[in-house]
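Here is the structure we will look at, set down as structure tokens.
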Amino acid sequence: MLNFLYYPVSAVMWFWHQAFALVLGPSNGFAWALSVVFLVLTLRAVMIKPFLSQVRSGRRMRVIAPQLAEIRKRHAGDKQKMAEETQKLQKEHGVSMMGGCLPLLIQMPVFLALLHVLRYFNRPGLTFEQNAAIGNYVFGPDEVRSFLEARLFGAPLSSWVSMPQSLLDSFGSHVDRWEVIVVAVPLMLLAAVATHITARNSQRQQLATQTTVPEPGTQAAQMAGFMKLTPWIFPLGVIVGGLFFTFPIAILLYWLTNNGWTMVQQHLVHKAMDREDERLAEQRAAAAAVSAETAPRPGARPARKPGAKPVTAGARRGGTTQGAAAEGGPRRPAGTSGKAAAGRRKPGARKGGRH
């Protein structure tokens, strides 16, 4: 299922190993460890834009939270209408629910692909020489041998705490389990602490967008209870996986680097967006103050624009006398013709004409 990722993941790791091998040597354990670390940094650098979209989407959810609560209250008996109105509101404000899941959807396949590539450096059932003669995706046999010979403080990078001794002996030289434990356990604990901190920060942001308290016994309440446990469940998963399952030292490095990046990124991005929100709030307040100052007082006449002609009483009554006055002609009552006006002349004027 993840075959299409094995080559890209191994290619990025190969590139960084080649770069660090020029300085530290091809079989140096730190060169291989740094290749894993920079694989993570490369991935997270590519994901900066999706992460920013995720954070902005969460903040917009916080802004429209009262409107969402009103929609839920107004359409409590019509789930379809509630969903339609919610989607419409989210679309108007640029909120994307998929954007919030995108970083995790990208990271998990890469994590599994890296785990597969690391395990294929030392295939079970083969001796050191047999493994060293087989390539591993973009890594040639010489690079596989280099990886198997590399040590990080005495421990192979693809070894794990519960690894069978037969596999530990297949790395080309004898490896004691305590050497693996001394390296793996501190990495495990650091990765668990970093995971706990990032999970708590994410939970804090999610709770900030919550508008209602779910009723006890409902599915929403059960989900909310599970979310409260995630800052403890995820770190426990790292420790259990590192102690009892096949989490190699390189995977623990990957996990620690990934959560360390997330922890720093959360701090910097949220701090920058807090300042951005403060500036926007100040701009809105200033605009509202200016609008209040320029608005006419209740009962006052609106101010006339400079150069505008005054409006005559006839024009205010809707008549046509304004145009006649402008041309210098006689004024007529509104809505009357010339003949009608002549017909209403005084009788004395008509008699005077006969004399």
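Positions are given from 1 along the sequence.
Side-chain contact between Phe147 and Leu118 is present, with heavy atoms from C-beta onward closer than 4.5 Å. Using a 4.5 Å heavy-atom threshold, the side chains of His196 and Asn259 count as separate. Looking only at side-chain heavy atoms (C-beta outward), Trp160 and Val180 stay at 4.5 Å or farther from each other.
Between the CG atom of Leu152 and the CG atom of Asn28 there is a distance of 9.0 Å, given to the nearest 0.5 Å. Note: Ser159 OG to Asn122 CG = 9.5 Å, rounded to the nearest 0.5 Å. Remark: Gln165 CD to Asp176 CG distance equals 7.0 Å, nearest 0.5 Å. Atom CG of Leu43 sits about 11.5 Å away from atom OG1 of Thr257, to the nearest 0.5 Å.
When atom types are taken as modelled, the side chain of Gln130 and the backbone of Thr127 share a donor-acceptor pair closer than 3.5 angstrom. Between the side chain of Ser146 and the main chain of Pro26, a donor-acceptor pair closer than 3.5 Å is present. The main-chain N or O of Arg123 is found under 3.5 Å from a side-chain atom of Asn131 such that the two form a donor-acceptor pair.
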So Gln80 and Glu85, side-chain hydrogen bond (donor to acceptor under 3.5 Å, both in side chains) or not? Walk me through it. CA-CA 9 Å; Gln80 183 177 356; Glu85 292 293 326; over 6 Å; no

Checking Ser27 against Trp32 for the side-chain hydrogen bond (donor to acceptor under 3.5 Å, both in side chains) test, could you report, in this order, the C-alpha distance in whole Å, the side-chain angles of both residues, the deciding distance, and whether it holds? CA-CA 8 Å; Ser27 296; Trp32 283 103; 5.8 Å; no

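Residues Lys88 and Glu84 are not paired through a salt bridge, judged by the lack of any N-O separation under 4.0 Å between the basic side chain and the carboxylate. A salt bridge is defined here as a Lys NZ or Arg NE, NH1 or NH2 lying under 4.0 Å from an Asp or Glu carboxylate O, and Glu179 with Arg151 fails to meet this definition.
Surrounding CZ of Arg44 are more than 12 heavy atoms belonging to other residues, nucleotides or ligands, all under 6.0 Å away. Sparse packing is recorded around CZ of Arg200, with 12 or fewer heavy atoms of other residues, nucleotides or ligands lying under 6.0 Å away.
For Tyr6 and Tyr120, the gap between ring centers reaches or exceeds 6.0 Å. The six-membered or imidazole ring of Tyr137 lies away from that of Trp14, with a centre-to-centre distance of 6.0 Å or more. A ring-centre distance under 6.0 Å is not found for Trp261 and Phe38. Ring to ring, Tyr254 and Phe247 are not that close: their centroids are 6.0 angstrom or more apart.
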